[in-house]
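Here's the structure we're looking at; comments come further down.
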Amino acid sequence: MLSQLTSLELSGNDITGSIPTEVGMLSQLTNLELTANGITGSIPTEVGMLSQLAELELRQNDIDKKR
């Protein structure tokens, strides 16, 4: 199932909305690439709990930035 997924690359797919909190269930994920989409909102706390995650690419989106 998806619990064994290690890499998710969805760049340039016109994805809109926010990153779902369920991404935190992908416990084996090492690479999450969502560059050049229409993603908005903030990065869910659950992404920070992905202990295997080595690469996170979110460029060219409208992600909220802390100041």
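Atoms considered below: every heavy atom in the structure, side chains included; atoms not considered: hydrogens, waters and symmetry mates. Not measured: the values here are computed from a predicted model.
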Considering non-hydrogen atoms only, spot the tightest contact between Ser27 and Ser3 and give its length.
-> OG-O, 4.1 Å

Are Leu2 and Leu34 in one and the same hydrophobic cluster, where Ile, Leu, Val, Met, Phe, Trp and Tyr link if side-chain heavy atoms are under 4.5 Å apart?
-> yes

Residues Asn61 and Leu58: closest non-hydrogen pair is ND2-O, 3.0 Å

Can Thr35 and Gln60 be counted as having a side-chain donor-acceptor contact under 3.5 angstrom?
-> no

Derivation and outcome, side-chain contact (heavy atoms from CB on, under 4.5 Å), residues Thr30 and Leu53 | CA-CA 4 Å; Thr30 60; Leu53 192 64; 5.8 Å; no

To the nearest 0.5 Å, atom CD1 of Ile63 lies from atom OG of Ser18 at 8.5 Å

Would a hydrophobic clustering, with Ile, Leu, Val, Met, Phe, Trp and Tyr connected at side-chain separations under 4.5 Å, put Met25 with Leu8?
-> no

Return yes if a side-chain donor-acceptor contact under 3.5 Å exists between Ser7 and Asn31, otherwise no.
-> yes

Do any N or O atoms from the side chain of Asn37 and from the backbone of Leu10 form a donor-acceptor pair under 3.5 angstrom?
-> yes

Given the rule that I, L, V, M, F, W and Y join up when any side-chain heavy atoms are under 4.5 Å apart, are Ile43 and Ile15 in one cluster?
-> yes

Heavy-atom distance under 4.5 Å between the side chains of Thr40 and Thr16, does that happen here?
-> no

If you take all heavy atoms of Pro44 and Pro20, which pair is closest and at what distance?
-> CG-O, 4.2 Å

Atom CD of Glu57 and atom CD of Glu33: how far apart are they, to the nearest 0.5 Å?
-> 5.5 Å

